[in-house]
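Start at 1 with the first residue, then count along the sequence. Any value given below was found using the heavy atoms of this structure, including those in side chains, with hydrogens, waters and symmetry copies removed.
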Amino acid sequence: MTRFGDFKPLCRNTPSYPWCNLFYRELQHNAPAFLIGSSADSTSAPVGINPKCGIERAGSGNSIGNIANIIACGLSILVTLWLLYSCNRRKAAVGRIELRAFLATYLITLPLQLVSTGSFLKQGTTALVVITGIHAGTVATLFWTLLGNALVATQVVEDGTLSSLVPFYFLAAAFMAATTYISLDVALTITTTLEPGNPKDSLHSIALFVLTSIWPGAAALLYFILMAWIVAGVLRELRPLIYYTLAAILFVLGQLAYFLLSRTICDGTNARIDGSFVATVLETAAVVVIYLAWRSITEDYWDEEAYYPR
């Protein structure tokens, strides 16, 4: 029976689910008998734990790794760099610093995702575990920066000031540190407190499940609710509301592609690619639309001559 906090169904049925890398290391060292099928040989094992379909490690047979998602991540990095550049140019825009932090965090997740799901590092290695742990921490931080942008948009405290930035960055650091530590503790069993529960093959970790599955969904939901209230109820603007609605739809479609379509694509292509690249493209599209929505409700620049006469 599946319990809350069990990763077994995800690691078996969702190709390229990155957090499975953490449990692979834990099982490899503490219960290797549970690694069977394609997971039995770590030199060729795909991302996942005994997955029903998975892309084998690059160099094993004819595999070139998760090439579709590698390309998607590479293109997304270029798009996000452009968004960062454009955001930074809008000197007077409300929430510019906070949105820039969100975009920078998303940018960091992309190369980490590329490595943790790319199927070119050997399963069970310390390098893959550490990169996956940092990836988990960055994802949890990403969704705090997303929600933090909505809180700043309420103008309860003035954006860009210490009263806004100190709690914003403090909580970002807290999410990063806590999630990364929990991830590494799950994989490396640094302590017994957060060690995956029994039976070992259930891949059970409530703390990791909450921070990597529940928290992102809850933060995204709160973000879209707050922004819909601000643009429709306070600003009474239609175009930004359309943007935020579109961003929410793209985000949901990305999750559906990852968890429902991924295995279908994997089976249909004989494990050459899976749906992770579709999710990456849709998530990046959602980030672009969030930027467009922010741009449509903020001032572009100040007239510096008026504020700083020469």
Side-chain angles (χ1 to χ4, degrees), residues 80 83-109 137-179 210-255 283-303 306-307:
T80 309
L83 292 177
L84 269 169
Y85 171 74
S86 300
C87 176
N88 204 48
R89 291 186 63 190
R90 300 175 66 83
K91 302 295 184 182
V94 173
R96 178 180 67 93
I97 296 175
E98 292 83 0
L99 184 70
R100 187 174 61 189
F102 166 71
L103 293 173
T105 307
Y106 183 67
L107 178 64
I108 294 169
T109 67
T138 310
V139 167
T141 305
L142 174 70
F143 283 92
W144 157 247
T145 61
L146 178 67
L147 179 57
N149 270 270
L151 296 175
V152 166
T154 64
Q155 289 291 280
V156 173
V157 293
E158 187 177 353
D159 67 288
T161 62
L162 286 178
S163 58
S164 168
L165 296 178
V166 169
F168 183 86
Y169 285 119
F170 174 79
L171 286 172
F175 271 106
M176 182 70 192
T179 309
V210 168
L211 286 167
T212 59
S213 298
I214 304 301
W215 161 245
L221 178 62
L222 288 172
Y223 171 81
F224 287 120
I225 290 173
L226 277 172
M227 294 311 301
W229 170 71
I230 290 168
V231 299
V234 179
L235 301 178
R236 300 188 183 280
E237 295 280 350
L238 177 60
R239 188 171 65 173
L241 183 61
I242 294 173
Y243 279 136
Y244 284 117
T245 302
L246 177 58
I249 292 171
L250 289 169
F251 176 75
V252 171
L253 289 176
Q255 304 315 297
E283 287 166 1
T284 301
V287 170
V288 171
V289 176
I290 286 172
Y291 169 79
L292 293 175
W294 170 79
R295 192 177 68 174
S296 71
I297 60 174
T298 57
E299 296 292 335
D300 199 355
Y301 57 84
W302 279 317
D303 182 351
Y307 282 88

Taking the side chain from [X] and the backbone from [Y], do they hold a donor-acceptor pair closer than 3.5 Å?
X    : Y    : answer
Q155 : V152 : yes
R90  : R96  : no
W215 : F143 : no

Which atoms form the tightest heavy-atom contact between [X] and [Y], and what is the distance?
X    : Y    : value
G137 : M176 : C-SD, 3.4 Å
D159 : G95  : OD2-N, 3.0 Å
L142 : T109 : CD2-CG2, 4.4 Å
A293 : P240 : CB-O, 4.2 Å

Can you tell me how far the [atom1] atom of [X] sits from the [atom2] atom of [Y], to the nearest 0.5 Å?
X    : Y    : atom1 : atom2 : value
I97  : Y169 : CD1   : OH    : 6.5 Å
M227 : L146 : CE    : CG    : 9.5 Å
W229 : L235 : CH2   : CG    : 9.5 Å
L165 : E158 : CG    : CD    : 10.5 Å
L246 : L241 : CG    : CG    : 11.5 Å
Y223 : L151 : OH    : CG    : 11.0 Å

Could you check if a side-chain atom of [X] sits within less than 4.5 angstrom of a side-chain atom of [Y], using non-hydrogen atoms only?
X    : Y    : answer
F175 : L211 : yes
L103 : C87  : yes
W294 : Y243 : no
L226 : L147 : yes

| request: Provide the full list of side chain to side chain donor-acceptor pair (under 3.5 Å) pairs with a residue in residues 140-153, sequence neighbours left out, each pair given once. | output: none
| request: Assess whether side-chain contact (heavy atoms from CB on, under 4.5 Å) is satisfied between T154 and I230, documenting all intermediate values. | output: CA-CA 7 Å; T154 64; I230 290 168; 3.8 Å; yes
Which donor-acceptor pairs under 3.5 Å do side chains of residues 283-292 form with protein atoms, sequence neighbours excluded?
unit_1, atom_1, unit_2, atom_2, d
E283, OE2, Q255, NE2, 3.0
T284, OG1, S76, OG, 2.7
T284, OG1, Y106, OH, 2.6
T284, OG1, T280, O, 2.9

| message | Tell me every residue that passes side chain to side chain donor-acceptor pair (under 3.5 Å) with S86, counting only those two or more places apart in sequence or in another chain. | response | none
| request: For I297 and Y244, run side-chain contact (heavy atoms from CB on, under 4.5 Å): C-alpha distance rounded to whole Å, both residues' side-chain angles, the deciding distance at 0.1 Å, then the answer. | output: CA-CA 11 Å; I297 60 174; Y244 284 117; 3.9 Å; yes
